[in-house]
Amino acid sequence: MRKMKKIAAVSMAAIMMLSACGCSGKKNDSKKTASETDAVTEDLGPAPVIEDNEEWVTTEEPYIEDDRFTTVEGADVLGINFDDGDTAGFTTYVNGGDYLLYVEDGELVADIAKTGTLEHSCQLYYDGFTMARGCVYTVSFDVHSDVPCNLEWRVQVNGGDYHAYASDKVAVTSEVQTIDYEFTMDEDSDPAPRLAINMGAFDENGGDPGAHKIYFDNFSLFVTDSSNAEKIVGAPTPIQVKVNQIGYEPDDYKTVIVTSKDEEKFKIVDAETGDTVYIGEYGDMAFDSTVNLGVKQGDFSDFKYTGKYKIISSPSGESYDFEIGYNLYDDIYKDVILMLYKQRCGCEVTEDIAGDFAHEACHTENAIVYGSSSSSTVDVSGGWHDAGDYGRYVVSGAKTVQDLLLTYEDFDISADDIGIPESGNGIPDLLDEAKYELDWMLKMQDSASGGVYHKVTALVFPETVLAVDETDQLVLAPVSYAATGDFAAVMAKASVIYAEYDKDFAANCLAAAENAYAYLEANEGMKGYKNPEEIVTGEYPDNQLADEKLWAASELYIATKDSKYLDVVNEMVNSRPDTNLGWAGIGGYALYDLAKADDIDAGAKESATAALLEAADKLIAKCKKEPFFMGLGTNYPWGSNMSIANNGMLLLMANKISPNEEYAEYAQRHRDYIFGVNGTGYCYVTGYGDLSPEHTHHRPSQVLGETMPGMLVGGPDNALEDPYAKAVLHGYAPALAYVDNEQSFSCNEVTIYWNSPLIYLMGGFQ
Ligand code: G3I
Ligand code: 9MR
Ligand code: ZN
């Protein structure tokens, strides 16, 4: 389907060195012998300048702003009436209030049974319009009520602190009044604001007006004067020439990808001088359905000189700068690990490590058990904040811990100088960091039953506040089978790994794992976790629970060699087990640890190995069909960057149990995707590269007005799962459905378990 420069095959010895010595010597290199431990090409130094008499034109700007949103004077950006009999996109929100919304005789009716105690206890809102800085608007609508009452209308930012761009209170009576309010938008243009009407408790109401109805019609937002209106930018048009912005080792595969229909050629130039150092050729064009564009690949793997470069692609433009060299990932790797330290809960996070993100101990108060009649509370302090919220969830925590333990095990990463408080204590930092979560997880177990509480959060997501300022009552959500299974698995694995460093801790972990397993046995057939109605924080729902059972049984079998676990493993391992490495599907972890274990039942080991390699081979087959080398097809789900990192991880695992050049090659391509060889061209880790996310949905970053470095964002989500994404990414191709905006929690949040597979993937190349 496309022509690529041939990459010569490599000796098996070099491939094995990828995992054995942590270096990525892969392609043929005449200077290398199989017995050498250092498979890296010698440093060739800076590239010599070459003669370049060709003509290079770059006609397109490297960065084009989105111009879908215009401001036409006189236009009505809302223009809503209710003549069609439906609520025309207006939606209800209640927080302690109770009301119905319907249309009657061409008017929108808010039929309020209970006003609640907050202004927004009863709210109605409308999304799906745009507002430009400098533009003068007039809000207009008709309103009346059956009982005199007060309300407040607001055009506001839709997320964060929900502050208003303009708002006013209105005393409503049975007389129809027409609101007309002119204002200038003097904040940044917003492609996804919200019109909200609060109808809850107002001082002016002098108490509760009781049950009442409010009638609305003819909502308008007129563009009154657009002479000073600025252009509204949604998601920017992606750069066309994509490279890994962090860079490559000399021996790495190196492919520039350009989205272009034209005759296209590329050269590498010195980033500082602009001197030409390499002239390359693209392969044939292929249509790529992840970006809905024609795409060409240009291989420059044979260019091995160290230095700082960029690519000029004629006529599509320039790439961001990138380096070829050694140790390019040292800083970012540390920061991606330190993100976990900065997410620590229940302890002081110190300034010398976390800088502006330092804080006093947060969430230290005890939690109540949801639904329990007793007033006793439980100490569940500790662990990591999951993400941009401050919830602590067992299933996502278990995945994160497992990724750290595997990184330590597989790549022999015993570094004790990452820069966490425990550094220098003689225990590898990856294990110290993982133990911070394991200690918390132990508190999440109900020791009587062995069951593990699904999560601890307040009843609702926190406002956009710092961790120490979320002081709502903490609640332990009900025990779940998934949390208990994942807990049993990582505790059993921890009992093996920590035995060398801390015998007592290892023994505690094993006892806790066995207790949790007993809960699983006693509760077969239990349904997947669902949030009780009052708890609206992250759900992590999962109805497929066989993989959790398999994982728990596998790790307990490896830890104890008890045949009772082997029986379960044997029963499940041959029945097409799930091979994922996510927070829901986690079967891949079971298979991998079985495939890796030395002294276990040969049949179980063989079946696990076969299943895992089959998954890796299927993935490679898919990757080969996609011009960006990924195998997700057109399904970019919430947290697609985790899917990518997990897939890269799977390939390194496959390479570990059955060394194969292609596994290593495609694992590296997954790494390169994360750092820029992707549809949008972003380096998806904050703080690194020329273009990386700056407005993450991460409460500490939002409050401080700066994004914490070292965080992998969720990335493209073509299901458009938040209002901002719905507004600005409508119609976008799957791998382009990403926007760097803090309101877009489905694209631009961060999590511990998105960083952790990246830690493994980068660990494989460290
Ligand atoms: O599995 C299906 C797939 O079959 C389907 O093709 C695809 C279509 O888009 O959807 C997939 O399911 C998605 C699922 O994630 C698995 O990727 C759901 O649509 C999507 O809604 C779901 O999103 C999850 C989100 O919570 C909402 O539940 C994210 O994975 C999960 O990472 C996220 O987790 C939140 C926590 O609740 C709270 N803390 C922050 C964290 C990150 O945003
Ligand atoms: O901020 C929340 C984020 O951390 C979660 O991952 C996300 C998904 O459940 O939800 C976010 O909270 C949003 C909520 O779901 C809906 N109202 C707006 C909230 C964000 O401002
Ligand atoms: Zn906390």
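Atoms within a ligand are numbered from 1 in the order they appear, just like the ligands themselves.
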Practice task
Flag the pair Phe219 / Tyr126 as yes when their ring centroid distance falls below 6.0 Å, and as no otherwise.
Solution key: no
Where ligand 1 meets [X] - atom numbers and elements under 4.0 angstrom, heavy-atom basis:
X	value
Asp389	38 (C), 39 (N), 40 (C)
Ala387	39 (N), 40 (C)
Tyr753	31 (C), 32 (O), 33 (C), 34 (O), 41 (C), 42 (C)

Strictly by modelled atom types, are [X] and [Y] linked by a side-chain donor-acceptor pair under 3.5 Å?
X	Y	answer
Asp127	Tyr125	no
Asn748	Tyr724	no
Asp429	Ser423	yes

Handout entry: Under-2.8 Å neighbours of the Zn ion (ligand 3), protein N/O/S atoms only
Key =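 N, O or S atoms of the protein closer than 2.8 Å: 4.
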Practice task
Inspect the contact between Asp486 and Lys399 and indicate whether a charged nitrogen and a carboxylate oxygen are less than 4.0 angstrom apart.
Solution key: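 Asp486 and Lys399: not salt-bridged.
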Practice task
In plain terms, say whether Glu437 and Arg392 are close enough for a salt bridge, that is, a side-chain N and a carboxylate O under 4.0 Å apart.
Solution key: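 Arg392 and Glu437: not salt-bridged.
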Problem - Protein non-hydrogen atom below 4.0 angstrom of atom 12 (O) of ligand 1 present - result: no
Practice task
Can you run down the ring pair (Phe, Tyr, Trp, His ring centres under 6.0 Å) pairs that involve residues 341-365, sequence neighbours left out, and say none if there aren't any?
Solution key: His363-His385, His363-Tyr390
